[in-house]
> 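Okay, here's the structure, questions in a sec.
Sequence lines set the chain letters: A, B, ... in the order given, protein chains first and strands last, and positions in each chain run from 1.
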Amino acid sequence: MSEENLYTFENETYRKTYWHTCSHVLAQAMKRLHPEVKLAIGPSIDNGFYYDFDTPQPFTEAQMEELEAEMRKICKEKLKLERFELPRAEAVAYMEERGEPYKVELINDLPEDAVISFYKQGEFVDLCAGPHVDSTGRIKGNAVKLTACNAAYWRGDSSRQTLQRIYGVAFPKKDELDEYLARIEEAKKRDHRRLGKELGLFMMSEEGPGFPFFLPKGMVLKNTLLDYWRECHKRYGYVEIATPIILNQHLWHQSGHWDHYKDNMYTTVIDGEDYAVKPMNCPGGMLVYKSEPHSYRDLPIRAAELGLVHRHEMSGALHGLFRVRCFTQDDAHIFMTPEQMKDEIKNVVRLFDEMYSTFGLTYQIELSTMPEDHMGDESVWHFAEDTLQAAITELGKDFQLNPGDGAFYGPKLDFHLSDSLGRTWQCGTIQLDMQMPERFELEYVGEDGERHRPIMIHRALLGSIERFIGVITEHFAGAFPVWLHPVQVKVLPVTDRAADYAAEVARRLDAQGFRVEVDGRNEKIGKKIREAQLEKIPYMLVVGDRDMEAGTVSPRHRAEGDLGAMDLEAFSAMLRQAVDSKERK
RNA sequence: GCUGGAAUAGCUCAGUUGGUAGAGCAGCUGAUUCGUAAUCAGCAGGUCGUCAGUUCGAGUCUGAUUUCCAGCUCCA
């Protein structure tokens, strides 16, 4: 890599180095203004950097500005960053002398043979492996912004000291900082909690924290999404089942969920017996499989379930539709012979491909392999991992390997979707489950007349329907494609004279299966258009005297504006085409 | 769950040192009948999240509690 290239901000290594140095500048500013503060750690992260401090008082916005000002000063001082190393005993003594207990703990926890290095800039020294830019003068002081200050635990351990974490971002140019901040603002405007309220999709209530209520428009959206989901699954050879929400606790012991997840499960007592509300659909699916004997001729069985699951998430984790205590998992369990495995995985990936691309969502696949703590034979694991890998490779897909990150019961493929703002969401997952068929003693009779254990995969495409609705709300900024929008067309009569004509137009579109509303209020057309635009309605139909006379409608597209007068038939044909092709504009 | 912050009309928000609550939008009524992003006027709307406490007096101060927000932790 050329010298020049190394110093571009697009280069991730350089960007992280730059941000890492920023975190040192932040710590230096902090020590100058508040010498009593103790230093914890200060790394770069994907979107900037942070530094954790142990402070007697939480920080305020005003103090953040003072810190920024001091950071700008340090940048102007062009302090050289110099690396030096110390033997362990001296390193500990050095940090003890400087009154930094957290640094002492870090040094003590370093492996025996570790090189203990420090970086010095002016009067400030930090324990750090580096690397760093060569001078604080490299940092553009007026393009540094401290974005938030919050609590964090020392070493991520909730039983330990709470620290104050200050987050920041920095860019080589002020313009880039402004652009970044504008993007954050845009994301805020698209927040699904705000849009969900504005568009009448869903609500939350103090009476049920984490349990979303779907409003009429939200239900149209959800049902339309599920109609599409069912249509796709049928084409890919799935059958649909539904299993109970409450099941005997004995079942949860058998499935192993009780041992692993009882803290997150809701329980109840019925006729003196213990029951639990399902946090997953699998055990019910196993019972369905076991309800009758199976021949190899029946396989593969692809049983999908839109199962309503409940999980007791911690109160602080709740977040709109993204993190709820009750959601619909679009699950499926596929039972098959080992020979069918590869083709089945390909079939699942093709289905994922089709549905994700409908929304204009791209994805990155991650393959997670056998963890240290796993159940089952290693050779079976390797066969399973190889099969997953072969399936995606044969489909020409790239993947990222996460060695040792699989579930204890099997390897998995995770699908990370990228939305229109470049944010990623883990939605789809394909997990091989080598445990459940054992625990439930699932069987099929093979060609040889013997009993065999089927292979099972557990997969979810959208993950949680509720969360996915949140994701696409932000992805489309509320401007859902016409096939999905709760109101596809709004008819806007210009005056009262056009009221009957508007009603007739709406009636005819409704009869053709479109979702139509009429805005018959006594308001000016400009106001009706404005409000329909704010509702992000795909098509507005302006109808006035001219249209009545000519027997036309004047459609306006939310993004393309006035489309000019046309016959209702011409409009409905255009609409039909846009809906059927699931056009996204 | 932890740390910090917030809660005032359906929505977005104002409310000075404690003295009995205000605007815009939405709603209702009337006028207006208008061609591509806000017509005008009038009316109505709130035990200021909840429960205690301090005080002659609390939206305002104190404590508890609920929910929400940011982050941490967690997310099988």
> If the C1' atom of B:C75 is compared with that of B:U12, how far apart are they to the nearest Å?
33 Å

> Residues two or more places apart in sequence or in another chain: which of them pass salt bridge (Lys or Arg N to Asp or Glu O under 4.0 Å) with A:Asp433?
none

> Please measure how far the P atom in B:U55 lies from the corresponding atom in B:U62, and state the result in whole Å.
16 Å

> Distance-only, no hydrogens or angles: does the A:Ser23 side chain make a donor-acceptor pair with backbone N or O of A:Gly42 under 3.5 Å?
yes

> Look at A:Asp263 together with A:Arg311 and state whether they make a salt bridge at an N to O cut-off of under 4.0 Å.
no

> Answer yes when A:Arg453 and A:Glu441 have at least one side-chain N-carboxylate O distance shorter than 4.0 Å, and no when they do not.
no

> Could you label the plane-to-plane angle of the A:His24 and A:Tyr51 rings as parallel, tilted or perpendicular, counting under 30° as parallel and over 60° as perpendicular?
perpendicular

> Let me check I have this right: for RNA chain B, each base becomes ., (, ), [, ] or |, based on Watson-Crick or G-U pairs with both distances under 3.5 Å. What is the full string?
(((((((..((((.....[..)))).(((((.......))))).....(((((..]....))))))))))))....

> Within the structure, does a side-chain N or O atom of A:Arg497 lie under 4.0 Å from either OP1 or OP2 of B:C34?
yes

> Between A:Gln329 (CD) and B:C75 (P), how many Å, whole number?
15 Å

> Between P on B:A76 and CH2 on A:Trp252, what's the gap in Å once rounded to a whole number?
16 Å

> Taking the six-membered ring for Trp, are A:His557 and A:Tyr539 closer than 6.0 Å centroid to centroid?
yes

> Hey, is A:Glu583 close enough to A:Lys585 for a salt bridge, meaning N to O under 4.0 Å?
yes

> Tabulate atom names and distances for all N/O pairs under 3.5 angstrom spanning the protein and nucleotides 41-44 of chain B.
none

> Which one, B:U36, B:C74, B:A76, comes nearest to the side chain of A:Met314?
B:C74

> To the nearest Å, give me how far apart CE (A:Met280) and P (B:C75) are.
12 Å

> Do A:Lys536 and A:Phe480 form a cation-pi contact, if we require the NZ or CZ to be under 6.0 Å from the six-membered ring centre and within 45 degrees of the ring's axis?
no

> How far does the P atom of B:G1 sit from the matching atom of B:A23, given to the nearest Å?
40 Å

> Could you state the CD-P distance from A:Glu549 to B:G35, rounded to the nearest angstrom?
15 Å

> Please report, to 0.1 Å, the donor-acceptor pairs under 3.5 Å made by any side chain of residues 401-418 of chain A, with sequence neighbours excluded.
from: A:Asn402; atom 1: ND2; to: A:Glu366; atom 2: OE1; distance (Å): 2.7
from: A:Tyr409; atom 1: OH; to: A:Gln431; atom 2: OE1; distance (Å): 2.5
from: A:Lys412; atom 1: NZ; to: A:Asp414; atom 2: OD2; distance (Å): 3.3
from: A:Asp414; atom 1: OD1; to: A:Thr429; atom 2: OG1; distance (Å): 2.8
from: A:His416; atom 1: NE2; to: A:Glu366; atom 2: OE1; distance (Å): 3.4

> In plain terms, say whether A:Glu517 and A:Lys490 are close enough for a salt bridge, that is, a side-chain N and a carboxylate O under 4.0 Å apart.
yes

> Regarding A:Asp419 and A:Trp425, do their side chains bring together a donor and an acceptor under 3.5 Å, going by distance alone?
yes

> By the 4.0 Å heavy-atom rule, please label A:Ile529 as base, sugar-phosphate, or nothing.
base

> With no angle test and no hydrogens, is the base of B:U36 tied to the side chain of A:Arg556 by a donor-acceptor pair under 3.5 Å?
yes

> For atom P, what is the distance between B:G49 and B:C13, given to the nearest Å?
15 Å

> Say you pick atom C1' in B:C51 and the same atom in B:U66; how far apart are they, in whole Å?
11 Å

> For the P atoms, the ones on B:C48 and on B:G22, what distance do you get once it is rounded to whole angstrom?
14 Å

> Nearest whole angstrom, please: distance from the P of B:U29 to the CZ of A:Arg521.
14 Å

> Please give, in whole Å, the distance from B:U36 C1' to A:Asp519 CG?
13 Å

> Indicate yes or no: does A:Glu185 engage A:Lys189 in a salt bridge with an N to O separation below 4.0 Å.
no

> A:Phe211 vs A:His310 aromatic rings, parallel, tilted or perpendicular, using cut-offs 30° and 60°?
tilted

> Considering only atom P, compute the distance from B:A9 to B:G59 and round it to an integer number of Å.
14 Å

> Can you tell me which nucleotide in B:U36, B:U33, B:C75 comes closest to the side chain of A:Arg311?
B:C75

> When you match A:Lys197 and A:Arg558 each to their closest nucleotide on RNA chain B, which lands nearer the 5' end?
A:Lys197

> Round to a whole Å and report the spacing from CG of A:Asp496 to C1' of B:A31.
13 Å

> Which pairs, protein N/O on one side and nucleotides 38-40 of chain B N/O on the other, fall under 3.5 Å?
from: B:A38; atom 1: N9; to: A:Arg530; atom 2: NE; distance (Å): 3.4
from: B:A38; atom 1: N7; to: A:Arg530; atom 2: NE; distance (Å): 3.2
from: B:A38; atom 1: N7; to: A:Arg530; atom 2: NH1; distance (Å): 3.1
from: B:A38; atom 1: N7; to: A:Arg530; atom 2: NH2; distance (Å): 3.3
from: B:A38; atom 1: N6; to: A:Arg530; atom 2: NH2; distance (Å): 2.4
from: B:A38; atom 1: N1; to: A:Arg530; atom 2: NH2; distance (Å): 3.3

> Can you check the distance between B:A70 and B:A38, where both ends of the measurement are the C1' atom (answer in whole Å)?
34 Å

> Could you tell me whether A:Arg556 and A:Asp562 have a side-chain N and a carboxylate O separated by less than 4.0 Å?
no

> Hey, which of these two, A:Leu534 or A:His257, hits RNA chain B nearer its 5' end, going by closest nucleotide?
A:Leu534

> When you compare the side chains of A:Tyr102 and A:Asp54, does any donor N or O come within less than 3.5 Å of an acceptor on the partner?
yes

> Of the nucleotides B:C34, B:A26, B:A76, which has the atom closest to the A:Glu531 side chain?
B:A26

> Does the base of B:G35 carry an N or O that pairs as donor and acceptor with the side chain of A:Asp547 under 3.5 Å?
yes

> What string of B, S and - do you get for nucleotides 66-71 of chain B, 5' to 3', if B is base contact, S is sugar-phosphate-only contact and - is no contact with any protein heavy atom under 4.0 Å?
BSSSBB

> Is A:Arg323 touching bases, backbone alone, or none of the nucleic acid, heavy atoms closer than 4.0 Å?
base

> Look at the aromatic rings of A:Phe322 and A:His192 and report parallel, tilted or perpendicular, splitting at 30° and 60°.
tilted

> How many whole angstroms separate atom CG of A:Asn264 from atom P of B:C75?
9 Å

